[in-house]
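Data first, discussion second: the structure below is written as structure tokens.
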Amino acid sequence: MNQDAPPQNGVSRWSPPPLLYASAAVHLGAAAAALSRPRVWPWALGAVALNHVALAAAGLWPRSQLLGPNWIRLPARNGVAAGVAITIDDGPDPAVTPQVLSQLAAHRAHATFFCVGDRVERYADLARDIASRGHAIENHSQRHRHNFSLLGPGGMSAEISRAQDSILRVTGSRPRFFRAPAGLRNPFLDPVLTRLQLRLASWTRRGFDTVSTNADVVYRRLADSLQDGDILLLHDGNAARSRGGKPVILEVLPRLLDALASKQLRPVTLRSAL
Ligand SMILES: [Zn+2]
């Protein structure tokens, strides 16, 4: 593909966010100060260290916009209801995902599955089933590495582009959104996403359903103050089990879909809001 071709998918050319401009200024200013007045070098070093703390903090905050664009809600449309995007991470999982699909079908609801590329390849029939039912499969990296946010640009690019290839090969559809493992990232991610024509999506609220075993608590985290445009996060992979041994998402999802229906909020995919 011609690298200079105008980007499709509405993703514009990469431009550094203000925090990166500020960081470059801090580094240049510190170097200039230390060179011209050697005695200030401890202060210059301190300024650079503080700047790195700020960059790391921005990467540890999944909903921050400081490292680049990041969907935390569906974009508003002139007076037209956007709907609510239920996003389901870390699958597909052969024990959980088929039941999730049944629950969604019973409510005629569509959801967005942020799938792990390796799992899409291992459970290819299940991934195709998700897509054939009208749900969206998006990119949650190839291996869901726990050190993803510590990778450099090459490592991040490999994890994300491999998952693009896996998902396209298995389902025939190319992801348009990316979500970082655990929502953690660093300044190298945004230019990689721009090059791959992906948008970063995090969430409005999450249920913490990989660690919480109480389905009532998970439900309330998601459903309290439910509003048009919300992006909600649940997990079919790595799902915590309730006291009865049931994956928490299976106890939460039907109640959540009922709550949406009672508020006349339409469950939609993220890409339907593009
Ligand atoms: Zn995940």
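In each ligand, atom 1 is the first atom listed, and ligand 1 is the first ligand listed. When reading the values below, keep in mind they use all heavy atoms of this one structure, side chains included, and skip hydrogens, waters and symmetry mates.
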Gln227/Lys263 under side chain to side chain contact (heavy atoms under 4.5 Å, CB included): CA gap, chis, key distance, verdict: CA-CA 9 Å; Gln227 282 184 50; Lys263 294 192 170 206; over 6 Å; no
Determine, stepwise, if the pair Glu138 / Thr112 fulfils side chain to side chain donor-acceptor pair (under 3.5 Å). CA-CA 7 Å; Glu138 307 292 0; Thr112 298; 5.6 Å; no
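Gln142 places no side-chain N or O within 3.5 Å of a backbone atom of Glu159 that could act as its donor or acceptor partner. At distances below 3.5 Å, not a single donor-acceptor pair connects side-chain atoms of Asn139 with backbone N or O atoms of Ala163.
Using modelled atom types and a 3.5 Å distance limit, the side chains of Asp89 and His144 yield no donor-acceptor pair.
By the criterion of a separation under 2.8 Å, the protein N/O/S atoms near the Zn ion (ligand 1) amount to Asp90 OD1, His140 NE2, His144 NE2.
Between Arg133 and Asp129, at least one side-chain nitrogen of the basic residue sits less than 4.0 Å from a carboxylate oxygen of the acidic one, meeting the salt-bridge criterion.
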